[in-house]
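Count residues from 1 along the sequence. Values in this document were obtained by computation on a predicted structure and should not be read as measured data.
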Amino acid sequence: MSVIIIAVLAFISAITLGVFINQKFPNKGDKNEQHTPKNKLALNDATVIALAAKQKDGISVAAVCLASKAPAIEVKNKLEALREQGLLYLNIDKNGAEKYILTDTSLISDKN
């Protein structure tokens with residue numbers, strides 16, 4: 001009977017140690033997946049301008065979030081910064097949707 005108790009305690013100790021080590025030192029692959037989503041676009045001026053150039057009717061915060069996988073507040077701040085610099089202007093359509101449109105219309109694609 002004591003052999004079974006010792007075996008069970010050893011097994012529980014091994015599992016507990018394994019869980020502790022896994023939490024303390026996660027695999028490199030696990031770290032990267034948590035912090036860097038796949039297919040994430042850099043949220044820089046050029047990327048946002050390129051996205052806006054593809055949309056004749058402008059881009060929304062939600063559209064940029066989907067394309068870049070960036071948080072909405074970060075996207076909103078980026079779009080507002082570009083608006084303040086005069087690269088985009090804010091248009092509110094008849095349904096109340098906010099769309100940011102390029103001020104340089106020569107960059108806007110005619111495909112849409």
Side-chain angles (χ1 to χ4, degrees):
M1 182 71 170
S2 63
V3 173
I4 294 174
I5 293 173
I6 292 172
V8 169
L9 288 175
F11 182 72
I12 291 172
S13 298
I15 290 175
T16 304
L17 180 63
V19 169
F20 172 76
I21 290 173
N22 192 31
Q23 289 175 347
K24 188 75 172 172
F25 306 103
N27 294 337
K28 289 181 181 178
D30 293 344
K31 262 190 211 175
N32 291 339
E33 286 179 19
Q34 290 174 356
H35 299 295
T36 309
K38 292 180 181 176
N39 300 326
K40 182 176 179 178
L41 293 176
L43 190 62
N44 57 38
D45 295 355
T47 302
V48 174
I49 291 168
L51 289 170
K54 292 178 183 176
Q55 301 297 325
K56 181 175 77 172
D57 297 329
I59 55 173
S60 65
V61 171
V64 178
C65 283
L66 288 174
S68 67
K69 303 210 180 350
I73 190 70
E74 189 178 326
V75 170
K76 179 72 172 176
N77 290 340
K78 174 57 75 175
L79 291 171
E80 280 298 311
L82 291 172
R83 185 188 63 76
E84 289 171 3
Q85 294 171 29
L87 297 169
L88 300 174
Y89 69 90
L90 180 60
N91 183 41
I92 301 175
D93 68 13
K94 61 184 176 185
N95 297 324
E98 293 182 353
K99 299 281 184 115
Y100 290 85
I101 302 172
L102 278 175
T103 54
D104 184 354
T105 57
S106 68
L107 297 174
I108 298 174
S109 174
D110 290 332
K111 293 180 183 177
N112 285 342

Might you point out which heavy atoms bring A70 and V75 nearest each other, and give the distance in Å?
CB-CG2, 3.9 Å
Among L51, L82, L88, V64, find the residue that satisfies the side chain to side chain contact (heavy atoms under 4.5 Å, CB included) test when tested with Y100.
L88
Heavy atoms of other groups near I4 CD1, more than 12 under 6.0 Å:
no
Quick check for you: to the nearest 0.5 Å, what is the distance between N91 atom CG and E98 atom CD?
10.0 Å
Between D104 and S106, what is the shortest heavy-atom contact and its length?
OD1-OG, 2.6 Å
Is there a side chain to side chain contact (heavy atoms under 4.5 Å, CB included) between I59 and L79? Walk through the geometry before answering.
CA-CA 9 Å; I59 55 173; L79 291 171; 3.9 Å; yes
Identified side chain to side chain contact (heavy atoms under 4.5 Å, CB included) partner of V48 from the options L43, L102, L87:
L43
Applied to residues 79-96, the salt bridge (Lys or Arg N to Asp or Glu O under 4.0 Å) test, sequence neighbours excluded, yields E80-R83
L107 and I101: same hydrophobic cluster, using ILVMFWY side-chain contacts below 4.5 Å?
yes
Who are the salt bridge (charged side-chain N to carboxylate O under 4.0 Å, His left out) partners of K78, not counting sequence neighbours?
D45
Find out whether T47 and S68 are in side-chain contact, i.e. whether some heavy atom of one side chain is under 4.5 Å from a heavy atom of the other.
no
Could you pull out the closest heavy-atom pair between C65 and P71, with the gap in Å?
SG-C, 4.0 Å
Closer than 3.5 angstrom, by distance alone: can the side chain of N95 be matched with the main-chain N or O of A97 as a donor-acceptor pair?
no
